[in-house]
2 protein chains.
Amino acid sequence: MKACVLYSGGKDSSLMGAILQKLGYEVELVTVNFGCYPSWKPAAESASKLGFSHQVFHAENEILENAVDIILKEGYPNHGINNLHQQALILASQKYPVIADGIRRDDRVPKLETSMIQSLEDKKNVQYINLTGFGHKTIDQLSQKFFKIKKELTTIDNNSDYEIEIRYYIDKLRGDGTASSIFPEHQQSRVIGWRENE
Amino acid sequence: MKACVLYSGGKDSSLMGAILQKLGYEVELVTVNFGCYPSWKPAAESASKLGFSHQVFHAENEILENAVDIILKEGYPNHGINNLHQQALILASQKYPVIADGIRRDDRVPKLETSMIQSLEDKKNVQYINLTGFGHKTIDQLSQKFFKIKKELTTIDNNSDYEIEIRYYIDKLRGDGTASSIFPEHQQSRVIGWRENE
């Protein structure tokens, strides 16, 4: 059965892909883009290095604009990012019977309520899978075991999280450093291939 | 790395064992028994048919007595079963660096708060894994793909859930059908082997 993983090129969504492949699913990785900046490129590169099929789904720019509105009003990104992620899941559920992401037990954002998941599964007749059965220690160990990982500072060109298009759009609107105050500089772990024994 | 799955012989804990094995863990199945009735036997049989190592951990009878106290006071089993399961996890965490169970997203009991999981991981220096990333539709599909399953009415001799010792102890205390009113008759899915292609 085909399963889609919403994919950023990071270790969590890569591990979700690896687990579903080991369970026998035909895994396709999908990165949703809102037409503002081609932030899907690093994800496509990681997917290619892992040998997974990868697609970019194009969502309406208005969805990003609405999320940015929420983020600027609230001064923090959680609700806006949750909105984007829910829209991405709805988009993916139009094409795949099984949709997954790399949300783990201790993630604070994106985070989905069980009722939202149930509603998605029922309305769209899909199955949704994530990594909430695993904590960060386990995911770190497993991803180090399976993947070659590059640790680096996040820039506009090496990351495919929703954050990149959000920051780009905020900078375009404001041009005043607002994006940097909402998303401080941080380290990321980008997957750049399988370890040899995998 | 060794990983222990708290095991009942049902499809959920069997699937957790299969997933951890596919991820490269050295899986050992453990059934906790409270010294009241040898309800671990069906789990040992399922484990043997799957070729997994299986052990019975003996816990103090007092833990079961306390859980039954709670269940009889409340008239429903959820909190008492949660207590037993937490004690079983603590017992397993003394021997294994990774402990797991078959709790899935839509289970109502046992159910663990994220704060309880975090406290267990921190205090016992273990990693805890479960199936809360998966809903029942996915688990049904995967377990039908991997396992030969026997569907049957639950009896005292074909099930290794905490329910069996709880019922046995309640019947010993009361002898009046109280156990049947708290635990109505139900169908179960017991794993009796791998499907041939696995």
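Only a predicted model underlies this, so the values are computations on that prediction, with no experimental measurement involved.
Counting non-hydrogen atoms of other residues, nucleotides and ligands closer than 6.0 Å to CD of B/Glu62 gives a total of 12 or fewer. Environment of NZ in A/Lys172: sparse, with no more than 12 heavy atoms of neighbouring residues, nucleotides or ligands closer than 6.0 Å. Taking a 6.0 Å sphere around NZ of A/Lys150, one finds it holds 12 or fewer heavy atoms contributed by other residues, nucleotides or ligands. Residue A/Tyr168 places its OH atom among 12 or fewer non-hydrogen atoms of other residues, nucleotides or ligands, all under 6.0 Å distant. Other residues, nucleotides and ligands contribute more than 12 heavy atoms inside 6.0 Å of the CZ atom of B/Phe183. Residue A/Lys111 places its NZ atom among more than 12 non-hydrogen atoms of other residues, nucleotides or ligands, all under 6.0 Å distant. No more than 12 heavy atoms of other residues, nucleotides or ligands sit less than 6.0 Å from atom CD of A/Glu60. The number of heavy-atom neighbours closer than 6.0 Å to CD of A/Glu113, taken from other residues, nucleotides and ligands shown, is 12 or below.
Minimum heavy-atom separation, B/Lys145 to A/Leu23: NZ-O, 2.5 Å. Across all non-hydrogen atoms, the minimal contact from B/Thr114 to A/Arg105 is CG2-CG, 4.3 Å. B/Lys137 approaches A/Asn125 most closely through the heavy-atom pair NZ-OD1, 3.9 Å.
Residues of residues 36-48 of chain B placed with any heavy atom under 4.5 Å of a heavy atom in chain A are absent; none qualify.
Residues A/Tyr162 and A/Val30 fall within the same hydrophobic cluster, defined by Ile, Leu, Val, Met, Phe, Trp and Tyr side chains chained together at heavy-atom separations under 4.5 Å. A/Leu72 is connected to A/Val109 through a chain of hydrophobic side-chain contacts under 4.5 Å among Ile, Leu, Val, Met, Phe, Trp and Tyr, so both are in one cluster.
Contact count versus chain A (heavy atoms, under 4.5 Å) is highest, among B/Gln141, B/Met1, B/Gln118, for B/Gln141. Of the listed residues B/Leu142, B/Asn130, B/Ile19, the one with more heavy-atom pairs under 4.5 angstrom with chain A than any other is B/Asn130. No other option in B/Ile103, B/Ile117, B/Leu131 has as many heavy-atom pairs under 4.5 Å with chain A as B/Ile117.
With rounding to the nearest 0.5 angstrom, the OG1 atom of A/Thr138 is 6.0 Å from the CD atom of B/Glu121.
At least one donor-acceptor pair closer than 3.5 Å links the side chain of B/Thr132 to the backbone N or O of A/Thr132.
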